[in-house]
Enquirer: 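Have a look at the structure that comes next, please.
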Number of protein chains: 2
Amino acid sequence: MLQPSSACVGCAPDGLSPELRQRVAACTACDARVLSLCRAIPDDHLDRLAAISVAVDVGPGGTFIEEGEPASSFFNITRGTVKLYKLLPDGRRQITGFLGVGDFLGLAVSDSYVFTAEALDAVRVCRFPRRRLNEVLDDFPALERKLLEIASHELVAAQEQMLLLGRKTALERLASFLLSRADRADALGRRGIPLAMTRTDIADYLGLTIETVSRLMSRLRRERVIALPEAHGFAVLDRPALLQYSGGEGPVL
Amino acid sequence: MLQPSSACVGCAPDGLSPELRQRVAACTACDARVLSLCRAIPDDHLDRLAAISVAVDVGPGGTFIEEGEPASSFFNITRGTVKLYKLLPDGRRQITGFLGVGDFLGLAVSDSYVFTAEALDAVRVCRFPRRRLNEVLDDFPALERKLLEIASHELVAAQEQMLLLGRKTALERLASFLLSRADRADALGRRGIPLAMTRTDIADYLGLTIETVSRLMSRLRRERVIALPEAHGFAVLDRPALLQYSGGEGPVL
DNA sequence: CGTAACGTTGAATCGGCTCAATAGATGTGG
DNA sequence: CCACATCTATTGAGCCGATTCAACGTTACG
């Protein structure tokens with residue numbers, strides 16, 4: 001937790017404190033700016049967000065949201081990768097998503113978080129107090145629309161994942177997962193595709209065991225569909241085959 | 001499809017056409033009013049919504065949203081029950097949710113729907129053209145906030161369902177499902193709990209086969225955990241047992 | 001009624017899991 | 001730099017929960 005807020009919140013834009021001025025600069029230069037909800041706020045009002053946000057660093061394995069805890073903050077990821085998961089009392093785990101730079105977290109309805117958020121690697125997040133962000137939302141409807149857009153996107157992804165978990169075979173699940181990671185990496189202009197998560201994480205995301213994931217990875221490598229040059233990462237050798245295995249793009253209409 | 005819109009959209013509230021006046025009255029009296037997003041709009045501006053909405057009746061088995069079709073409208077359910085599902089090319093189906101009176105549909109990000117919506121029984125929906133509703137949203141931020149709230153709720157439910165589909169056993173899935181239906185019915189003040197959906201629907205919702213659902217229903221009846229007085233419907237005899245079987249309420253914190 | 005759709009029950013099969021052993025990767029201190 | 005411990009990943013053998021296949025009841029409805 002860095003820099004607990006001590007800025008003059010009610011200040012006019014031209015009367016910014018030095019600290020706040022610095023934070024606005026940080027926001028302006030932020031890697032996640034163009035990707036995330038901050039994009040929805042005009043540059044000259046960025047101080048409103050800067051004034052209520054705090055940058056927080058989280059090390060690998062660190063949790064910054066815990067299921068059941070009071071939901072006091074929203075988060076925006078500006079560095080690293082995060083996994084979200086839910087647990088059953090006996091320890092069974094379901095990872096509901098992996099989030100990266102620009103992604104937003106904390107849209108809980110109740111006053112408690114319904115999932116845990118854990119850093120996969122070195123993560124930095126922007127933390128917004130729930131109440132304060134709501135105030136900003138009142139003044140910038142565009143921000144609210146952006147949030148709605150984000151929530152809708154997540155809903156679509158969640159429905160796709162339900163189809164995967166409920167109806168796809170193990171091979172189809174893994175192929176779908178690898179494809180989605182590959183597409184994501186392509187969008188970022190990569191060739192070799194990094195996997196920040198472990199086999200256990202992949203298994204808990206796909207509703208499988210690590211053994212099954214490992215076996216199928218080996219099978220796809222044996223069949224020259226993918227290559228596994230490094231421990232954490234892969235490359236797609238035969239995209240059509242992967243697409244075939246993935247169970248396709250939904251119904252042909 | 002009833003009454004294609006021919007109302008004077010720009011009219012002042014006091015200059016309503018007879019037809020629009022009638023629609024506003026229908027909105028005011030609507031069963032879903034208190035439950036749904038319309039609640040977020042003040043009574044004296046209800047004409048804005050009434051002017052752009054059209055009531056549509058859908059018979060059992062009728063689909064009013066189809067996966068892949070252009071997403072031109074939002075819907076609000078005012079009568080009956082609806083199932084949402086996604087299909088794989090070979091016909092495997094995953095039902096992603098059941099919606100009832102007051103529920104809202106059509107929050108698609110892309111310009112195509114990503115699921116199909118089918119009526120389980122006699123359904124009536126309020127249809128809002130996407131573009132027109134967005135205009136109303138601009139004038140009533142409270143509506144937008146309501147939509148965000150709805151989307152957040154659905155996201156929470158989707159995550160819970162991912163845990164169910166990815167990590168729960170067949171018995172746990174069925175018990176969880178029956179409990180959630182029971183809770184929903186209790187909230188509406190019922191004793192015997194109706195199931196508008198068939199065994200096939202339940203199976204496709206829980207990621208199981210109809211045979212497994214049927215066997216487990218029989219087992220729970222044999223164990224006096226539930227009763228099955230009618231074909232479509234059940235009663236909870238031993239709620240603690242059902243809760244036990246359901247895999248519990250998440251981690252004990 | 002008759003018939004078609006829905007639901008139940010049984011027997012056999014199989015995909016993915018459990019259990020177990022080994023190999024590789026990563027990190028630490030001598 | 002190597003020895004060692006630990007964590008992660010791979011591979012095999014056997015098992016089990018849920019599915020598949022099949023037969024039979026039951027319900028809804030023209």
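Note that these values count all heavy atoms, side chains included, but never hydrogens, waters or copies made by symmetry. First the proteins, then the strands, lettered A, B, ... as listed; each starts at 1.
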Enquirer: Start at the 5' end of DNA chain C and walk down; is the nucleotide closest to Lys168(A) or to Arg221(B) reached first?
Expert: Arg221(B)

Enquirer: Taking 4.0 Å as the cut-off, does a side-chain nitrogen or oxygen of Ser214(A) come that near to OP1 or OP2 on dA9(D)?
Expert: no

Enquirer: Restricting both atoms to N or O, compile the protein contacts to nucleotides 22-30 of chain D shorter than 3.5 Å, with distance only.
Expert:
none

Enquirer: If the helix axis at each end comes from five base pairs, how far does the helix from dC1(C)-dG30(D) to dG30(C)-dC1(D) deviate from straight, to 10°?
Expert: 40°

Enquirer: Phe75(B) vs Phe64(B) aromatic rings, parallel, tilted or perpendicular, using cut-offs 30° and 60°?
Expert: perpendicular

Enquirer: At under 4.0 Å, does any side-chain N or O of Thr212(A) touch on OP1 or OP2 of dG16(C)?
Expert: no

Enquirer: For Ile210(A) and dT10(D), what is the distance between atoms CD1 and P respectively, to the nearest whole Å?
Expert: 10 Å

Enquirer: Which residues within residues 199-209 of chain A lie with some heavy atom under 4.0 Å of an atom in DNA chain C?
Expert: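 Within this stretch, Gly207(A), Leu208(A), Thr209(A) sit under 4.0 Å of the strand.
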
Enquirer: Are Phe115(A) and Tyr85(A) near enough that their ring centres are under 6.0 Å apart?
Expert: no

Enquirer: In this structure, how many angstroms lie between the P atom of dA18(D) and the CG atom of Leu171(B), rounded?
Expert: 8 Å

Enquirer: Charged N to carboxylate O under 4.0 angstrom, Asp204(B) versus Arg167(A)?
Expert: yes

Enquirer: Quickly work out the Glu230(A) CD to dA9(D) P distance and round it to whole Å.
Expert: 13 Å

Enquirer: Can you name the closest pair of heavy atoms from Asp201(B) and Ile95(B) and give their distance?
Expert: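 Distance-wise, the nearest heavy atoms are O-CD1, 3.4 Å.
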
Enquirer: Identify whether the distance between the nearest side-chain nitrogen and carboxylate oxygen of Arg239(B) and Asp186(B) falls below 4.0 Å.
Expert: no

Enquirer: Which atoms form the tightest heavy-atom contact between Pro89(B) and Gly247(A), and what is the distance?
Expert: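 That closest heavy-atom pairing would be CD-O, 3.1 Å.
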
Enquirer: Please give, in whole Å, the distance from dG15(C) P to Leu174(A) CG?
Expert: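 Rounded to the whole Å, the gap is 17 Å.
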
Enquirer: In whole Å, what is the span from the CG atom of Leu228(A) to the P atom of dT8(D)?
Expert: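 To the nearest whole Å, that distance equals 18 Å.
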
Enquirer: Provide, to the nearest angstrom, the distance between the CG atom belonging to Leu165(B) and the C1' atom belonging to dG17(D).
Expert: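 From Leu165(B) CG to dG17(D) C1': 17 Å.
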
Enquirer: Could you give the CZ-to-P distance, from Arg173(B) to dA18(D), as a whole number of Å?
Expert: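 Arg173(B) atom CZ is separated from dA18(D) atom P by 8 Å.
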
Enquirer: Please report the C-alpha distance between Lys86(A) and Thr116(A) in whole Å, then the side-chain angles of each, then the deciding distance to 0.1 Å, and finally whether the side-chain hydrogen bond (donor to acceptor under 3.5 Å, both in side chains) criterion is met.
Expert: CA-CA 6 Å; Lys86(A) 290 173 72 75; Thr116(A) 299; over 6 Å; no

Enquirer: Atom CG of Leu220(A) to atom P of dT11(D): distance rounded to whole Å?
Expert: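 Interatomic distance, CG of Leu220(A) to P of dT11(D): 12 Å.
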
Enquirer: Which comes earlier along DNA chain D counting from the 5' end, the contact point of Met197(A) or that of Arg167(A), where each point is its nearest nucleotide?
Expert: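 Result of the comparison: Met197(A).
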
Enquirer: State plainly whether the residues Arg215(B) and Glu211(B) are in salt-bridge range, i.e. N to O under 4.0 Å.
Expert: no

Enquirer: Please confirm whether any donor atom in the side chain of Arg215(A) sits under 3.5 Å from an acceptor in the base of dG15(C), or the reverse.
Expert: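 Absent.
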
Enquirer: Rounded to the nearest 0.5 Å, what separates atom CG in Leu216(B) from atom CZ in Arg221(B)?
Expert: 12.0 Å

Enquirer: Just how far is it from atom CZ of Arg173(A) to atom CD of Gln161(A), taken to the nearest 0.5 Å?
Expert: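 So the gap between those two atoms works out to 9.0 Å.
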
Enquirer: Can you tell me how far OG of Ser53(B) sits from CZ of Phe74(B), rounded to the nearest 0.5 angstrom?
Expert: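 Going from CZ on Phe74(B) over to OG on Ser53(B), the span is 14.0 Å.
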
Enquirer: Counting neighbours of CD on Gln244(B) that are heavy atoms of other residues, nucleotides or ligands and sit closer than 6.0 Å, is the number greater than 12?
Expert: no

